[in-house]
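Presented below is the structure to which this report refers.
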Amino acid sequence: MPTNILMPALSPTMEKGNLARWLKKEGDKVKSGDVLAEIETDKATMEYEAVDEGTLAKIVVPEGTQDVAVNAVIAILAGEGEDAKTAAASAKTQTPKPQAEKQAEKKVEQPKTDARPATSEQKAQQASPTPAARPTAPADHGSNRVFSSPLARRLAKEAGIELARVQGSGPHGRVIARDIADAKSGKGLRAASTAGAIAPAMSDQQIRALYDEGSYEVVLHDGMRRTIAQRLTASVQTVPVFYETVDCNIGKLLSAREEINAAAPHKDGKPVYRLSVNDFTIKALALALQRVPNANVSWTEGGMLKHKHSDIGIAVALPGGLITPIIRQAELKSLSVISNEGKDLIVRARGKKLKPHEYQGGTSSVSNLGMYGIKQFTAIINPPQASILAVGAGEERAIAKNGKIEAAHVMSATISCDHRAIDGALGAELIDAFRTLIENPVMMVV
């Protein structure tokens with residue numbers, strides 16, 4: 001019997017992905033463990049391995065297709081001894097309909113009636129439907145389900161119009177192509193929903209109307225940018241945050257870094273490791289979370305998750321977005337291991353080659369903008385983490401010491417804390433423990 005190959009869920013939150021490339025073609029033999037295709041999510045490109053053996057009878061979703069729903073049929077696999085063409089033909093009728101289509105069909109189902117003969121009054125009502133029985137748009141505009149034609153969805157995406165705001169004129173309130181054309185001119189647009197999101201001050205069309213036509217280019221949001229916007233908007237709206245800043249004297253750290261790098265062994269003419277200030281920062285935060293274990297937590301409605309290890313995320317800038325790969329159990333790793341592991345994660349992050357477990361979860365993160373000359377800033381927490389450390393540039397500043405003014409290398413660091421999980425005094429303990437470690441780097445190796 002032919003087997004449907006479904007779009008996999010590569011992470012717990014994945015709802016759809018792009019089918020980047022097929023590595024097998026129709027008619028190819030497939031063994032368990034063979035790589036069938038490359039699936040692209042908003043954060044990474046991953047290989048999809050076969051589970052069953054057989055022949056790839058039909059490719060249902062061609063490569064390059066975007067926004068393929070999880071569990072949608074993407075290919076048909078003929079079993080051992082089955083004819084591939086026959087399997088492909090017979091499987092067409094077995095391919096499940098898309099969820100949106102199922103919902104649309106369910107929406108237009110007529111209510112069941114009993115088998116008793118209709119009365120004369122009922123017959124009259126059936127012959128002359130009341131206005132309430134005519135197709136109307138769904139009353140609940142806050143629903144996430146928007147019924148629309150494929151053409152309307154494509155036109156809305158190209159125009160940057162949110163479908164939920166378009167008044168549908170098709171059967172049963174379905175959004176059709178002419179509704180999108182009207183929406184472009186500002187007609188038939190509902191007010192932006194405030195449920196779960198902050199309504200923008202102006203609609204897309206109102207903003208564009210402020211600028212001369214042809215004076216700008218519309219760059220459509222990709223999956224990564226939409227995901228970042230959704231997660232960080234949710235963070236700002238749901239997480240009560242406070243910030244605490246300290247200035248750290250990193251003179252000893254810079255001296256230790258220079259000595260360690262100078263003494264690094266070489267392999268093939270290159271040093272085995274080369275430490276950065278950020279490597280010390282990651283290690284110091286990891287150890288600080290161990291010293292203040294009540295701050296190494298994640299908030300859930302049912303109870304606090306108190307983590308045993310310090311899994312530290314590193315904020316990595318990408319074209320059009322960012323990602324936070326995680327160094328697991330950073331408190332147990334040496335500075336040289338943290339340095340090399342971090343460099344590998346950053347390279348693979350920029351190549352979209354990370355696996356979901358390498359960037360999901362974590363107990364805290366470090367965001368460092370010192371290389372851009374930024375003195376101080378605050379970072380947004382990435383739930384379910386309860387804190388994030390924002391690090392600025394190390395610079396020479398005048399400080400008072402023993403009644404005298406002298407120059408010192410100072411770095412400002414700001415901790416953002418989820419007030420549901422970490423109180424002000426506890427956050428102060430955490431940032432103070434970090435400062436103690438970063439100012440005395442020898443404590444990180446004992």
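Numbers for residues simply follow the sequence, beginning at 1.
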Only counting residues at least two apart or in another chain, list the ones meeting side chain to side chain contact (heavy atoms under 4.5 Å, CB included) with Glu38. Ala20, Arg21, Leu23, Thr45
Any donor-acceptor pair under 3.5 Å from Lys343 side chain to Tyr273 backbone: no
Would you find a donor on one side and an acceptor on the other, under 3.5 Å apart, between the side chain of Asp204 and the backbone of Ile161? no
Are Ser169 and Asp179 close enough that a side-chain donor and a side-chain acceptor fall under 3.5 Å? yes
Are any non-hydrogen side-chain atoms of Ile59 and Trp22 less than 4.5 angstrom apart? yes
Test side chain to side chain donor-acceptor pair (under 3.5 Å) applied to Arg291 - qualifying residues, sequence neighbours left out: none
Are the side chains of Thr65 and Asn18 in touch, meaning some heavy atoms are under 4.5 Å apart? no
Not counting sequence neighbours, list each pair that qualifies as a ring-ring contact (aromatic ring centres under 6.0 Å, His included) and has a residue in residues 316-339. none
Who passes salt bridge (Lys or Arg N to Asp or Glu O under 4.0 Å) against Asp279, sequence neighbours left out? none
Answer whether the closest heavy-atom distance between the side chains of Thr3 and Ile76 falls below 4.5 Å. no
Crowding at OH, Tyr216 (>12 non-hydrogen neighbours, <6.0 Å): yes
Donor-acceptor pair between Ser387 and Ser364 side chains, under 3.5 angstrom: yes
Check: Ser235 side chain, Arg231 main-chain N or O, donor-acceptor pair, under 3.5 Å: no
Side-chain heavy-atom pair Leu345, Val347 within 4.5 angstrom cut-off: no
Sorted by chain and number, sequence neighbours left out, side chain to side chain contact (heavy atoms under 4.5 Å, CB included) with Val70 holds for Ala9, Met14
The side chain to side chain contact (heavy atoms under 4.5 Å, CB included) partners of Leu155 (sequence neighbours excluded) come to Leu151, Glu158, Ala177, Ile180
Would Ile338 and Ile327 count as a side-chain contact (heavy atoms from CB on, under 4.5 Å) if you check the C-alpha gap in whole Å, the side-chain angles of each, and the deciding distance to 0.1 Å? CA-CA 7 Å; Ile338 288 174; Ile327 295 180; 3.8 Å; yes
Do any N or O atoms from the side chain of Ser412 and from the backbone of Asp247 form a donor-acceptor pair under 3.5 angstrom? no
Taking only residues two or more places apart in sequence or in another chain, which ones pass side chain to side chain donor-acceptor pair (under 3.5 Å) with Glu429? none
Contacts of Arg208 that satisfy side chain to side chain donor-acceptor pair (under 3.5 Å) - sequence neighbours left out: none
Tyr243 vs Cys417, test: side-chain contact (heavy atoms from CB on, under 4.5 Å). Steps then yes/no. CA-CA 6 Å; Tyr243 311 97; Cys417 296; over 6 Å; no
Could you walk me through whether His307 and Ser298 pass the side-chain contact (heavy atoms from CB on, under 4.5 Å) check? CA-CA 8 Å; His307 303 289; Ser298 292; 2.8 Å; yes
Can you tell me if Lys355 has over 12 outside heavy atoms packed within less than 6.0 Å of its NZ? no
Candidates Leu437, Ile438, Asp432, Leu430 - the one meeting side-chain contact (heavy atoms from CB on, under 4.5 Å) with Phe434: Ile438
Taking salt bridge (Lys or Arg N to Asp or Glu O under 4.0 Å) as the cut-off, I'd like each qualifying pair that reaches into residues 357-386, sequence neighbours left out, listed once. Arg348-Glu358
Are any side-chain N or O atoms of Thr233 and backbone N or O atoms of Ala229, one a donor and one an acceptor, separated by less than 3.5 Å? yes
For the pair Arg153 (side chain) and Ser148 (backbone), establish whether a donor and an acceptor sit closer than 3.5 Å, ignoring hydrogens and angles. yes
Determine whether more than 12 heavy atoms belonging to other residues, nucleotides or ligands lie under 6.0 Å from atom CZ of Arg420. yes
What I want to check is whether the side chains of Gln385 and Thr363 have a donor and an acceptor closer together than 3.5 Å. no
Side-chain donor or acceptor of Gln206 paired with backbone N/O of Ser203 under 3.5 Å: yes
With sequence neighbours excluded, what pairs up with His221 under the side chain to side chain donor-acceptor pair (under 3.5 Å) test? none
So, do Tyr359 and Ile326 sit near enough that their side-chain heavy atoms are less than 4.5 Å apart? no
Can you name the residues that form a salt bridge (Lys or Arg N to Asp or Glu O under 4.0 Å) with Asp423, not counting sequence neighbours? none
Student check: side-chain heavy atoms of Val73 and Ile5 closer than 4.5 Å: no
Would you please say whether a donor-acceptor pair under 3.5 Å links the side chains of Asn296 and Lys306? no
What I'd like to find out is whether the side chain of Met46 reaches to under 4.5 Å of the side chain of Pro8, using heavy atoms alone. no
Between Lys31 and Asp34, does any NZ, NE, NH1 or NH2 come within less than 4.0 Å of an OD or OE carboxylate oxygen? no
Could you check Glu53 against Val30 for side-chain contact (heavy atoms from CB on, under 4.5 Å), going step by step and ending with a plain yes or no? CA-CA 5 Å; Glu53 296 187 357; Val30 175; over 6 Å; no
Do Met411 and Val391 touch side chain to side chain, with heavy atoms closer than 4.5 Å? yes
Review item, side-chain donor-acceptor pairs of residues 308-321, under 3.5 Å, at least two apart:
| from | atom 1 | to | atom 2 | distance (Å) |
| --- | --- | --- | --- | --- |
| His309 | ND1 | Glu331 | OE2 | 2.7 |
| Ser310 | OG | Ala286 | O | 2.8 |
| Ser310 | OG | Gln290 | NE2 | 2.9 |
| Asp311 | OD1 | Gln329 | N | 2.8 |

